[in-house]
Student: 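One structure, as structure tokens, below. Some questions next.
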Amino acid sequence: MESKRVLCSSCDIYCQVQVDVEDGRVFRVKALDPRPLRSNICMKGVHAPSGFAHPDRVLHPLKRAGARGEGRWRRVTWDEALDEIAERLRSVVDRHGPESLAVATSQWNTQTENGAGRRFMNLLGAPNWISGVALCAGNTAAVNRMVYGWFPYPDYPRTRCIVLFGHNPRKHSWTPVYNAIRAAQRNGAKLIVLDPRRSENAELADIWLPLRAGTDAAMCFGWLKVILDEGLYDRDFAARWTAGFDAFRRRVDEFPLERVAAITGCDPERIAAAARLYATSTPGVIPWTPITDQQRNSTSAIRLHCALRALTGSLDVPGGELMHGFHPDIVSESELELHEALGAEQKAKQLGADTHPAFTYRGMEKLGEPARRVWGHEYPNIVSGCYMANPTETFRAMATGEPYPVKAFFTLGNNTLMGFANMQRIHEGLLNQDLVVAVEHLRTPTAQLADFVLPGDAWTERACLSDGFGWTAIHRPSQQALAPAGECRPVYDFWRGLAVRFGFGEHFPWETVEEMLDHRVAKLGMTFAEFAERHPYHMGEPGFRKYERTGFATPSGKVELVSSVLEGLGFDPLPYWREEPAAGPEYPLRLFTGLRDDPFFQTGHRHIEALRRRCPEPRMFITAADAAGAGIEDGGWAEVSTRQGGCLMRVSVRDDMPDGLVRVPHGWWLPERPEGDGGLSGAWDHADAQLCADDPDFLDAEQGIPHLKGIPCAVRPAAA
Ligand SMILES: Nc1nc2c(c(=O)[nH]1)N[C@H]1C(S)=C(S)[C@@H](COP(=O)(O)OP(=O)(O)OC[C@H]3O[C@@H](n4cnc5c(=O)[nH]c(N)nc54)[C@H](O)[C@@H]3O)O[C@H]1N2
Ligand SMILES: Nc1nc2c(c(=O)[nH]1)N[C@H]1C(S)=C(S)[C@@H](COP(=O)(O)OP(=O)(O)OC[C@H]3O[C@@H](n4cnc5c(=O)[nH]c(N)nc54)[C@H](O)[C@@H]3O)O[C@H]1N2
Ligand code: SF4
Ligand SMILES: [Mo]
């Protein structure tokens, strides 16, 4: 039996696990032991191999045989598929320009890109790249850069206080973060949890604030009011290192605690107590949370988190929020992506640049020179989130041809149809394409609408290098344990195959992922295989308080409490509060989507029997009083509906929920149901994306990402 050290990517936290191989098959996946790293594993990692060996896995390139979505496929070779895809893409680009290609992916699930997708797109002149990271960490990274030039990472082992804005890691949900929080608590760190629901972390917290969904930005104003009024901030840092402190303070003064209490529904004394605990247990951390990524006040909420970190003196100090920058000796994906190759004219065409520019090339433009000055590179694409097109605008262009036609769509490791808001529009957009390609493990509802489904390899079947999504300077290698099943291939091969066919071969001198990985670590004087053997974990030595030498990577060189970038883009340069979206009497409740189910990652894993058994159906959570009011019963079926659409959920009456709020799980489809347009394997019955709207009322203004926390809804009984 042979053992390999492998990064699990059944979710996006990449635990380092041990894969034992016998007779060319995975014998088991287990927690890595002994250290250097704490061992982490959850049930999804343990059961992943049965998913990779599942009969539904796509093992060969497939070409659509019938009408789009009819569910008839013909097996073709990789060369046939790539030849035809290149030819059809060429024809779309000739007719409509390179901006008529849109690509959706998720760096999380593919690992082996090594920047190749953006590299190909940039050489082609194609700016329209979207991703799940627009709703998860990528957008936060971009907004953090506007405030202080990097996206900092919490120093859990040394911190004295952890503040979770909704974020709720558990034993089977981001296990390493769960373990890090528990270890910090054992070391004496305080825990403050803000969650409308009595979550697992709320139960373990020193203070729990049950705020109303979607009101995080208002809550932050309340904390800042207490911290500034009571002088609990780092005056020296504020004076020397912030821009716009006085104007910021005047904005904070608009939020006396009574106002914040009225908006958030929390007791003013408890709000003040939480703010004091955070500001006096320094350095503290406010770890990134998806909750503030997914609200219509997202940009302001994220900026207010940044302000709290800065004003409590927690930036780039041990136990606080660390700014890693790039690894000095390993080639980053940001570099490999070659953003400098895309011309200004094409950058300006990126969808969303004029309406919701925050994370587009236009939004990031003024940060290029400061980034070069401080971090040595003009395009730090942290969490891949800094140069994205706006998803809503992209789907509109796909469906309507406005503001210009998008006619070719590639999706790689992203179940696009179900992974954003307004699924109805995304569906329309997919049907309106001349070419749709999915690189996938399964014929997901999205892949069911494709012209080509190409088989992607799995994390047991490839070598890769994780750089913490360009967020950290920590690098962790993954060893290949098995040969890819069937004709499955790394996504790098897909992009290189196209690049060669488009005449960009000279920019892709690395014929295989292995050659690419050798290139990335060459400066260390070893091959990737040697690196992987010797370094389970490799980090540059970023140091602390680096800003004292370099300034912050913003136009002013300071922490921009008043944002010169947002002002230049025509937005309020200060954070602000926008009231919740209005609800008519027909929508008496509010819903949030999320609260992940332990056995699945996002829209995946429902085909794995051992996992599905633990959660066979989509469950909505609701209080007994609201269930009675809606005439529904625990264990029955209900229809949840919003202005946008409706879907069916099993009712679960819970006492951890507050009255008035309903939880809808993300990403449900039923792989066992018939494929094809019509039901799309249960997606039209159960997917949350059809409940989420993306009209201006429901979009954050600066970024244009949808509001998923606190959507007005109604619930009524439904037949099984
Ligand atoms: N409506 C709505 N939208 C959301 C969210 C929500 O709660 N509601 N949540 C948001 C969040 S937090 C996130 S992180 C994103 C997640 O977005 P993604 O990370 O893109 O997740 P999925 O949409 O489930 O798509 C992942 C797909 O990758 C495939 N896959 C898995 N591993 C591999 C691989 O190794 N190679 C290849 N080629 N394919 C692979 C899986 O079969 C699956 O279909 O979605 C966001 N979108
Ligand atoms: N098993 C499993 N683990 C996962 C994932 C998975 O799919 N499956 N996905 C991973 C990914 S990509 C992500 S992004 C994370 C997401 O996981 P978390 O960051 O934990 O986010 P959620 O599970 O969506 O919701 C967490 C909490 O937010 C609360 N909440 C809802 N609305 C609000 C609000 O408006 N404000 C506040 N303050 N709280 C609110 C909910 O009550 C819930 O307890 O999980 C990761 N871990
Ligand atoms: S938490 Fe689970 S699914 Fe995520 S990387 Fe770790 S073992 Fe894999
Ligand atoms: Mo996420």
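Nothing fancy with the numbering, it's 1 onward along the sequence. Whatever order the structure lists ligands and atoms in, that order sets their numbers, starting from 1. Any value given below was found using the heavy atoms of this structure, including those in side chains, with hydrogens, waters and symmetry copies removed.
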Student: For the rings on H305 and W288, is their centre-to-centre separation under 6.0 Å?
Tutor: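 No, the ring centres sit 6.0 Å or more apart.
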Student: Of the backbone atoms (N, CA, C, O) and the side-chain heavy atoms from C-beta on, which set of A213 has a member under 4.0 Å from an atom of ligand 2: side chain, backbone, both, or neither?
Tutor: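 Both the backbone and the side chain of A213 come within reach of ligand 2.
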Student: Which of the listed options, R443, E461, H666, E440, holds the heavy atom that is closest to atom 44 (O) of ligand 1?
Tutor: E440
Student: Using heavy-atom distances, let me know which of P658, S173, A202 sits nearest atom 47 (N) of ligand 2.
Tutor: S173
Student: Show which atoms of ligand 3 fall inside a sub-4.0 Å distance from at least one heavy-atom site of S10.
Tutor: 3 (S)
Student: Is the positively charged end of R489 above the ring of W78, judged by distance under 6.0 angstrom from the centroid and angle within 45° of the axis?
Tutor: yes
Student: Taking the cut-offs as 6.0 angstrom to the six-membered ring centre and 45 degrees off its axis, would you call R182 and Y178 a cation-pi pair?
Tutor: yes
Student: Check whether any N, O or S atom of C42 sits under 2.8 Å from atom 2 (Fe) of ligand 3.
Tutor: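 So C42 counts as coordinating atom 2 (Fe) of ligand 3, yes.
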Student: Tell me whether ligand 3 is touched by N40 - counting only heavy atoms on the residue side and a distance under 4.0 Å.
Tutor: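 No, N40 has no heavy atom closer than 4.0 Å to ligand 3.
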Student: Given I291, T264, D598, which one has a non-hydrogen atom that is nearest to atom 37 (C) of ligand 2?
Tutor: I291
Student: Would you please test Y278 and W223 for ring pair (Phe, Tyr, Trp, His ring centres under 6.0 Å) and show each step?
Tutor: CA-CA 9 Å; Y278 169 64; W223 281 33; 5.8 Å; yes
Student: Of all the atoms in ligand 2, which lie at a distance below 4.0 Å from a heavy atom belonging to F600?
Tutor: 1 (N), 2 (C), 6 (C), 7 (O), 8 (N)
Student: SG of C692 to CZ of F420: how many Å apart, nearest 0.5 Å?
Tutor: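 So the gap between those two atoms works out to 12.0 Å.
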Student: Looking only at heavy atoms, is any part of R596 under 4.0 Å from ligand 2, and if so is it the side chain, the backbone, or both, or is it neither?
Tutor: both
Student: Where the closest heavy atom to atom 23 (O) of ligand 2 is concerned, which of L595, L661, L194 has it?
Tutor: L595
Student: Can you check whether W459 has an N/O within less than 3.5 Å of an N/O in ligand 1?
Tutor: no
Student: Hey, is Y14 touching ligand 3 through its side chain, its backbone, both or neither, going by heavy atoms under 4.0 Å?
Tutor: backbone
Student: Using heavy atoms and a threshold below 4.0 Å, how should the contact between D216 and ligand 2 be classified: side chain, backbone, both, or neither?
Tutor: side chain
Student: Which residue from G710, P196, P287 reaches closest to atom 30 (N) of ligand 2 through any of its heavy atoms?
Tutor: P196
Student: Which bit of I13 is near ligand 2, meaning a heavy atom under 4.0 Å away: side chain, backbone, both or neither?
Tutor: neither
Student: Which atoms of ligand 1 are found less than 4.0 Å from any heavy atom of T593?
Tutor: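 Atoms satisfying the 4.0 Å criterion: 6 (C), 7 (O), 8 (N).
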Student: Heavy atom under 4.0 Å from ligand 2: found in R170's side chain, backbone, both, or neither?
Tutor: neither
